[in-house]
Amino acid sequence: MASANEDAAAVLREYAELLVITGGDAFRARNYEKAAKVVAGYPGDLAAVPDAALTKISGVGTSIAGKIVEFRRTGTVAAVDELRAKIPPGVQEMAKVPGIGPKRALQLSRELGVTGIADLEAAIRGGRLRALSGFGAKSEEKILGSIAVITRDRPLRDALRALPPEATEERIQAALVAWLETTVPEKPVPGITATGASARSHALVRTKDLRGDLHTHTSLTDGVASLADMVAAAAARGYEYYAVTDHAPNLVMQQMTDEKMLAQRAELPALGAREMARGMTLLHGTELNIAADGSVDWDADFLAGFDICVASVHSSFGQDREVMTARFIAAAENPYVNIIGHPLTRKLGRRPPVDVDLDALCDACARTGTALEINASPERMDLPPEHIRAARDRGVKFAIDTDAHSLGHLNNARYGVAAARVAGLARDDVINAWPLDRLREFLAKGRSPQRLLASSI
DNA sequence: GCCGTTTTCGGCCCGACTGTTTTCAGTCG
């Protein structure tokens, strides 16, 4: 997503990374990282914001605004250049490899003279890593796996990042199809639909069909925009409904509590009544954590207070297929779980998909009335089109969600729609393309009074 | 470096996991 916003964000992000590698103040680094997210997710064109107005952006103070101004004028930031020069070549690149952080990247450079990812792979295959303290067979295996993920995902990630900021769903769709065709030329993916090539293309879901977003965050957890700003931005998109789904307590770093969640819920009626959001129904939800055993954060009593629950895997990614599948199915069978969030939990070029029997999970979802998420974040593309098609054929419904952590992310829905279109989904397959009444029926799931009574007998 | 209905200083994201170690450092979400 090449744009003034993304360019500035990249510089701020790099400065944060450099501060961490060079042992700078962690809070300072975190502020740059946060500012990078805010700038990347700034809903307008950052180039149109006057210098003096930059500090009006939350998370951007005088110092960071100064660096943005410098970058706009000169195309570079001196402080970033200085830190770059202090670090041996390859360290920044290696520190981004999952399993390697700043400390290990520096160690690899200093003690082995490794100069980058390609060199690192050669060093591992040459058995040179074994000589380092703290590195063993498992580390070698993990690093090689990470390098494979980076290599494999890079073409798709780069293709998506190269799209213009306002790329339409058709344009994104074309990029996805092109990538699928180059990836598996010998094995055509069944049901994949190229742009405009299908006679059914008129029936495919469109971005304008989406009536709401069902997975979004605020600054109460790891989002960078306030609840009020997120709601206003959603209303400006013309949504009929909008779900706020901040993280739940078991993702410890988010520091969610019962009290915070209830306080957020109490804010919604007033926000919904504002002129800006009038006519848009606010749903109070959460993104639960599916624990290693398939349980979630809260008990039934507390969960019953939510309008909608997304449930996602955020830990223990390495479970074997059988355990992982049982874990997901347990979550789908929870009467309060409406959507399985980013089902493969992959991040392009960062984290491989978990090993789950999707057919079994799809059957559980179809049986229990649980939707699978098509997470629209271009950093995830999860589910990918080939799996969406298979899931649809097993009777699964979908939620195309942005998982927005900033205002700008709300505009990512079209990436999910593109994946859905490639897979051949129609409006009827997508629960957030349904009218609110029908959506509410779906969300009631197994937790209507009659059903709960019946299941307790 | 940013922020403010505990405000101009002093907080701010904490704990589990992992692999390697023999008591813990590093990484991650």
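Numbered from 1 within each chain, the chains take letters A, B, ... in sequence-line order. Everything numeric in this text was worked out from a predicted model, so none of it was measured.
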K.L.:
Under 4.0 Å between a side-chain N or O of A:Arg30 and OP1 or OP2 of B:dC13?
P.N.:
yes
K.L.:
Taking B:dC12 as the reference, what is the distance to B:dT18 when you measure between their P atoms (whole Å, please)?
P.N.:
29 Å
K.L.:
Separation of A:Leu83 atom CG from B:dG1 atom P, in whole Å?
P.N.:
11 Å
K.L.:
Would you kindly give the NE2-to-P distance between A:His247 and B:dG15, to the nearest whole Å?
P.N.:
18 Å
K.L.:
Mind calculating the distance between CG (A:Leu54) and C1' (B:dG1) to the nearest angstrom?
P.N.:
16 Å
K.L.:
Once you round it to whole Å, what is the distance between P of B:dC3 and OH of A:Tyr32?
P.N.:
12 Å
K.L.:
Judged by atom type as modelled, is there a donor-acceptor pair below 3.5 Å linking the side chain of A:Tyr15 to the main-chain atoms of A:Ala10?
P.N.:
no
K.L.:
Using atom P of each nucleotide, how far apart are B:dG15 and B:dT20 to the nearest Å?
P.N.:
26 Å
K.L.:
Is A:Arg327 paired with A:Asp293 through a side-chain N to carboxylate O contact shorter than 4.0 Å?
P.N.:
no
K.L.:
Between B:dG1 and B:dT5, how far apart are the P atoms? Round to whole Å, please.
P.N.:
23 Å
K.L.:
Over all strands shown, is A:Ala35 touching base, sugar-phosphate only, or nothing at heavy-atom distances under 4.0 angstrom?
P.N.:
nothing
K.L.:
Give the rounded distance in Å between these two atoms: CG of A:Asp246 and C1' of B:dC13.
P.N.:
15 Å
K.L.:
Using a strict threshold of under 4.0 Å (side-chain N to carboxylate O), is an ion pair present between A:Glu82 and A:Lys86?
P.N.:
no
K.L.:
Reckon A:Ser58 has a side-chain N or O less than 4.0 Å from the OP1 or OP2 of B:dC2?
P.N.:
no
K.L.:
Between A:Arg346 and A:Asp382, is there a side-chain N and carboxylate O pair less than 4.0 Å apart?
P.N.:
no
K.L.:
Give the rounded distance in Å between these two atoms: NZ of A:Lys138 and P of B:dG19.
P.N.:
5 Å
K.L.:
Let me know, please, whether A:Thr62 or A:Gly134 comes out on the 5' side of the other along DNA chain B by nearest nucleotide.
P.N.:
A:Thr62
K.L.:
For the P atoms, the ones on B:dA16 and on B:dT21, what distance do you get once it is rounded to whole angstrom?
P.N.:
24 Å
K.L.:
How long is the line joining CD of A:Glu140 and P of B:dG19, in whole Å?
P.N.:
13 Å
K.L.:
Where do A:Glu6 and A:Ala40 come nearest, in terms of heavy atoms and distance?
P.N.:
OE1-CB, 3.7 Å
K.L.:
Distance under 6.0 Å and angle within 45° of the ring axis: does A:Arg211 meet both against A:Tyr239?
P.N.:
no
K.L.:
I'd like to check the side chain to side chain donor-acceptor pair (under 3.5 Å) partners of A:Arg104; sequence neighbours left out, ordered by chain and number.
P.N.:
none
K.L.:
A:Ser316 near the nucleic acid: base, sugar-phosphate alone, or nothing, with a heavy-atom cut-off under 4.0 Å?
P.N.:
nothing
K.L.:
Taking atom P in both B:dT6 and B:dC2, what distance in whole Å separates the two?
P.N.:
23 Å
K.L.:
Would B:dT5 be called syn or anti, given that syn covers angles within 90° of 0?
P.N.:
anti
K.L.:
CG of A:Asn31 versus C1' of B:dG10: gap in Å, rounded?
P.N.:
14 Å
K.L.:
Whether A:Arg161 and A:Asp158 form a salt bridge (side-chain N of Lys/Arg under 4.0 Å from carboxylate O of Asp/Glu) is what I want to check.
P.N.:
no
K.L.:
Using purine N1 to pyrimidine N3 plus N6-O4 or O6-N4 for Watson-Crick, or N1-O2 and O6-N3 for G-U wobble, each under 3.5 Å, what pairs with B:dG19?
P.N.:
B:dC24
K.L.:
If the P atom of B:dT23 is compared with that of B:dC13, how far apart are they to the nearest Å?
P.N.:
34 Å
K.L.:
Enumerate all atom pairs, one protein N or O and one N or O from nucleotides 26-29 of chain B, separated by less than 3.5 Å.
P.N.:
| unit_1 | atom_1 | unit_2 | atom_2 | d |
| --- | --- | --- | --- | --- |
| B:dT27 | OP1 | A:Gly101 | N | 2.6 |
| B:dT27 | OP1 | A:Gly101 | O | 3.2 |
| B:dT27 | OP1 | A:Arg104 | N | 2.9 |
| B:dT27 | OP2 | A:Lys103 | N | 3.3 |
| B:dT27 | O5' | A:Gly101 | N | 3.4 |
| B:dC28 | OP1 | A:Gly99 | N | 2.7 |
| B:dG29 | OP1 | A:Arg351 | NE | 3.1 |
| B:dG29 | OP1 | A:Arg351 | NH2 | 2.9 |
| B:dG29 | O3' | A:His314 | O | 3.2 |

